[in-house]
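Let me begin by presenting the structure, written as structure tokens, before commenting on it.
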Amino acid sequence: MRLSQYFLPVTKDVPSDAAIVSHQLMLRTGMVRQNGAGIYSWLPLGFKVLKKIEQIVREEMDRAGAVEMLMPTLQQADLWRESGRYDDYGEEMLRITDRGGRDMLYGPTNEEMITDVFRGYVKSYKQLPLNLYHQQWKFRDEVRPRFGVMRGREFLMKDGYSFDLSEAAARVSYQRMFAAYLNTFDRLGVTAIPMQADPGPIGGDLSHEFLMLAESGESAVFCDSEVLDVPAPGLDFDFGDEAALAAEMDKRTQYYAATDEKHDEAAFAQVPDARKTEARGIEVGHIFYFGTKYSEPMGAGVQDSDGNVVPIHGGSYGIGVSRLVGAIIEACHDENGIVWPASVSPFDVGLVSMRPKDEACAAGCDAAYQALKAAGFDTLYDETDDRAGAKFGRMDLIGLPFQIIIGPKALEKGVVELKIRKTGEREELALDAAIARMRALA
RNA sequence: CGGAGCGUGGCGCAGCCUGGUAGCGCACUCGCCUGGGGGGCGAGGGGUCGGAGGUUCGAGUCCUCUCGCUCCGACCA
């Protein structure tokens with residue numbers, strides 16, 4: 001993409017009420033624009049990151065055997081009356097009336113709707129287990145939205161739902177998602193620690209939330225530092241291996257890790273002093289096993305092998321996709337701006353032309369741009385005639401992992417300058433060598 | 001929901017207390033210079049001061065109402 005044809009409204013100034021660094025950086029880089037309290041437009045740069053995260057989440061859900069679909073944002077109140085949550089959910093639910101006077105709502109989550117889909121088609125235990133998910137906008141009418149997209153009212157969430165014949169089978173499904181989440185966060189370039197959680201309004205008796213450590217986190221976190229070093233299951237993990245699934249969960253739950261809500265001083269005291277970690281965390285995922293909480297009242301049952309109709313055992317699994325954009329920035333920035341993990345960076349590399357008005361330089365840069373694209377790098381090509389300082393500042397600010405800087409002098413020498421954003425390291429080398437180097441580092 | 005604030009060119013802010021020609025920085029347009037870390041000089045364009053009502057000879061400024069937004073606390077992907 002040529003910068004002159006792109007829409008990248010970067011600014012120097014940022015509203016003084018943008019309280020946390022990720023929000024400030026998202027505004028400065030023109031990733032989002034606020035349209036109302038907790039409601040944001042995703043501008044091109046931010047939208048690209050959102051889509052990258054969404055795609056990684058999709059790939060990891062699919063790898064774990066979940067099946068993608070899409071449900072609407074607007075739901076009928078009657079469905080929620082069946083589960084009893086229409087009255088229970090409270091003021092956080094945005095309620096709407098259509099022209100016919102029907103009570104509608106903007107979905108804050110989709111347990112009822114997925115249960116309705118399920119019960120409409122699935123009648124036999126032979127069709128189980130089943131795990132369906134979607135990535136759809138949600139609305140929760142928070143009393144106090146804040147921190148930009150980290151706590152918006154409208155937000156993009158991946159929510160998945162598992163259906164099993166028995167509690168034992170449902171627990172395997174739960175563990176499968178547990179392992180899939182570890183891989184997902186690992187690919188997103190962040191460390192998220194699973195912690196025992198209260199099931200909350202979703203209900204159920206088995207629940208973990210995944211917390212990313214960050215100074216601006218809303219929850220206090222207490223953990224054994226060893227849990228941070230347990231590697232993710234890996235992309236070749238066998239999600240059909242029940243023993244391995246249980247082991248992945250045990251590997252982590254053997255260590256103490258809790259948010260302030262669940263914190264147990266006595267248990268924490270058992271952790272060796274050198275490994276006691278007290279930090280702040282951002283909740284980026286939450287998984288629940290809730291048994292028959294929805295299937296019973298809503299009549300979602302299947303026939304078992306004896307012909308008896310039994311309610312299915314359910315679980316639900318959420319990842320805050322739009323929140324992750326902010327959360328990743330919280331974890332990945334320096335004094336010059338964002339430092340994207342390669343997997344979610346809006347572009348792979350920024351190409352900076354030092355003298356776009358110099359014919360030789362322009363031609364050399366154009367050629368480099370084509371070569372980078374041909375090599376498979378999504379490239380942001382700055383061929384504007386801004387001054388060098390402005391270009392460097394802007395590139396650093398938006399935080400692409402690599403910058404290729406080309407000026408007349410380097411061209412004469414037959415080299416380009418490769419800058420690694422994360423380390424600030426610069427190196428002069430031939431374009432082919434730079435491409436090889438970026439491949440090696442990616 | 002309790003407490004505290006803020007709405008003034010596209011963005012960030014001052015002006016309000018003590019009423020009297022609407023200002024600064026950035027951005028933008030034009031010209032010249034400059035050219036590897038957000039450059040310089042000069043000349044320009046752009047604002048119903050969130051909205052409504054009131055007080056006043058006169059309201060960005062004072063009063064009332066209203067809408068929107070933010071921050072601190074209790075709650076949440």
Side-chain angles (χ1 to χ4, degrees), chain A residues 9-20 23-24 27-28 30 33-39 53 57 89-93 107-111 135-160 181 192 197-202 207-212 217-219 259-261 281-288 316-327 335-337 352-358 361 382 384-397 403 405-410 417 419 424 426 428:
Chain A
V10 303
T11 62
K12 278 188 205 166
D13 297 319
V14 91
S16 54
D17 50 24
I20 62 171
H23 190 199
Q24 292 166 1
L27 293 171
R28 284 196 60 196
R33 177 177 175 83
Q34 183 171 356
N35 300 112
I39 299 174
I53 294 172
V57 169
Y89 215 94
E91 294 292 305
E92 264 195 21
M93 184 151 72
T109 178
N110 286 61
E111 280 82 6
Q135 302 195 52
Q136 177 63 289
W137 293 92
K138 305 291 187 292
F139 195 94
R140 294 186 189 173
D141 198 358
E142 299 270 350
V143 190
R144 185 150 103 78
R146 60 185 124 168
F147 302 148
V149 300
M150 298 263 283
R151 178 178 297 291
R153 291 195 295 172
E154 189 186 49
F155 58 96
L156 184 61
M157 179 164 89
K158 186 287 295 183
D159 44 321
Y181 273 34
D198 280 321
I202 307 278
S207 177
H208 286 89
E209 42 186 29
F210 289 73
L211 277 287
M212 246 182 77
E218 294 189 74
S219 314
T259 61
D260 41 3
E261 287 171 1
I282 301 168
E283 183 182 353
V284 289
H286 203 154
I287 60 179
F288 308 86
S316 72
Y317 313 93
I319 289 179
V321 176
S322 50
R323 168 179 287 184
L324 270 162
V325 179
E335 64 280 5
N336 294 319
V352 177
S353 172
M354 295 308 301
R355 294 286 171 81
K357 285 183 172 166
D358 176 294
C361 184
D382 184 349
T384 65
D385 65 356
D386 290 333
R387 298 178 66 84
K391 293 186 174 208
F392 292 144
R394 180 167 55 215
M395 272 302 171
D396 286 350
L397 180 67
Q403 295 169 24
I405 301 155
I406 301 180
K409 287 174 206 156
E417 184 175 337
K419 175 175 170 182
R426 297 149 172 273
E428 286 201 336

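Keep in mind that what you see is a predicted model, and the values were worked out from it rather than measured. All heavy atoms count here, side chains included; hydrogens, waters and symmetry mates do not. Chain letters run A, B, ... following the sequence lines, proteins first, then strands; residues in each count from 1.
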task: Remember a base hit wins even if backbone is also touched, and classify A/Gly393 as base, sugar-phosphate or nothing at under 4.0 Å, heavy atoms.
output: base

- line: Nearest heavy-atom contact between A/Gly281 and A/Leu211 is C-CD1, 3.5 Å

- request: Taking all heavy atoms of A/Ala197 and all of A/Glu209, pick out the closest pair and write down the distance.
  value: CB-CG, 3.5 Å

message: Base, sugar-phosphate or nothing for A/Lys419? Non-hydrogen atoms, less than 4.0 Å.
response: base

message: Need one value for A/Ala388: base, sugar-phosphate or nothing, where a base atom within 4.0 Å counts as base even if backbone is also close, heavy atoms only.
response: sugar-phosphate

field: Distance between C1' atoms of B/G68 and B/A52 (Å, rounded)
entry: 15 Å

- prompt: Taking atom C1' in both B/C33 and B/U21, what distance in whole Å separates the two?
  reply: 36 Å

field: For the student: nearest non-hydrogen atoms of A/Lys158 and A/Tyr317, plus distance
entry: NZ-O, 3.1 Å

query: How would you label the contact of A/Val284 with the nucleic acid (heavy atoms, under 4.0 Å): base, sugar-phosphate, or nothing?
result: sugar-phosphate

task: Please test A/Met395 against A/Ile405 for side chain to side chain contact (heavy atoms under 4.5 Å, CB included), starting from the C-alpha separation and ending with a verdict.
output: CA-CA 11 Å; A/Met395 272 302 171; A/Ile405 301 155; over 6 Å; no

field: Atom-to-atom span, CD of A/Glu91 to C1' of B/C1 - whole angstrom
entry: 10 Å

task: Determine the Euclidean distance between corresponding P atoms of B/C17 and B/U64; express it in Å to zero decimal places.
output: 15 Å

Of A/Val10 and A/Asp385, the one whose closest RNA chain B nucleotide lies more 5': A/Asp385

task: Take A/Val149 and A/Glu428, find for each the nucleotide of RNA chain B with the closest heavy atom, and name the residue whose nucleotide sits nearer the 5' end.
output: A/Glu428

message: Suppose you measure atom C1' in B/A27 against the same atom in B/G10; what distance do you get, rounded to whole Å?
response: 7 Å

message: In whole Å, measure the gap between the P atoms of B/U70 and B/C65 for me.
response: 23 Å

- prompt: Taking a pair as Watson-Crick or G-U wobble with both distances under 3.5 Å, which nucleotide is matched to B/U18?
  reply: none

query: What's the CZ-C1' distance between A/Arg33 and B/C11, to the nearest Å?
result: 9 Å

statement: Smallest heavy-atom separation, A/Pro145 atom then A/Gly38 atom, equals CB-CA, 3.8 Å

message: My understanding is that a pair needs two contacts under 3.5 Å, Watson-Crick or G-U wobble. By that rule, which nucleotide pairs with B/C41?
response: B/G31

query: Across all strands, who's sitting opposite B/U61 as a Watson-Crick or G-U wobble pair, both distances under 3.5 Å?
result: none

field: Heavy-atom donor-acceptor pair, A/Lys391 side chain to A/Ser353 backbone, under 3.5 Å
entry: yes

query: Which value, in whole Å, describes the distance between the P atoms of nucleotides B/C41 and B/U48?
result: 30 Å

message: For nucleotides 68-74 of chain B, give me one character per nucleotide, 5' to 3': B if any protein heavy atom sits under 4.0 Å from the base, S if the only such contacts are to the sugar-phosphate, - if neither.
response: -SSBBBB

message: Which residue is it: A/Gln135, A/Lys138, A/His286? I am looking for the one with a side-chain hydrogen bond (donor to acceptor under 3.5 Å, both in side chains) to A/Asp159.
response: A/Lys138

query: What is the nucleic acid contact for A/Met354, judged by heavy atoms within less than 4.0 Å: base, sugar-phosphate only, or nothing?
result: base

query: Using atom C1' of each nucleotide, how far apart are B/G15 and B/G25 to the nearest Å?
result: 15 Å

message: Would the distance check show the side chain of A/Gln34 and the main-chain N or O of A/Gly36 forming a donor-acceptor pair, the cut-off being under 3.5 Å?
response: yes

All N/O contacts under 3.5 Å from nucleotides 24-32 of chain B to the protein, with atom names and distances to one decimal?
from, atom 1, to, atom 2, distance (Å)
B/G25, N2, A/Asp13, OD2, 3.0

query: If you take all heavy atoms of A/Phe147 and A/Ala19, which pair is closest and at what distance?
result: CE2-CB, 4.4 Å

- prompt: In Å and rounded to the nearest 0.5 Å, what is the CZ to NE2 distance from A/Arg146 to A/His23?
  reply: 13.5 Å

message: Would you measure the distance from the C1' atom in B/U66 across to the matching atom in B/G20 and give it in whole Å?
response: 29 Å

query: A/Asp396 near the nucleic acid: base, sugar-phosphate alone, or nothing, with a heavy-atom cut-off under 4.0 Å?
result: base

- prompt: With both distances under 3.5 angstrom, what nucleotide forms a Watson-Crick or G-U wobble pair with B/C69?
  reply: B/G5

- line: When both distances are under 3.5 Å in a Watson-Crick or G-U wobble arrangement, the nucleotide paired with B/C26 is B/G10

- prompt: With a 4.0 Å cut-off on heavy atoms, is A/Gly407 in touch with a base, just the backbone sugar-phosphate, or nothing at all?
  reply: base

message: Should A/Phe155 be counted as stacked on B/A77, where stacking needs a ring-centre gap under 5.5 Å and an angle between planes under 30 degrees?
response: yes

field: Atom-to-atom span, CG of A/Asp141 to C1' of B/C1 - whole angstrom
entry: 13 Å

message: Tell me whether the side-chain N or O atoms of A/Arg387 pair up with the base of B/G35 as donor and acceptor below 3.5 Å, since no angle test is needed here.
response: no

message: Whole angstroms only, please: what is the CD-C1' distance between A/Gln135 and B/A77?
response: 13 Å

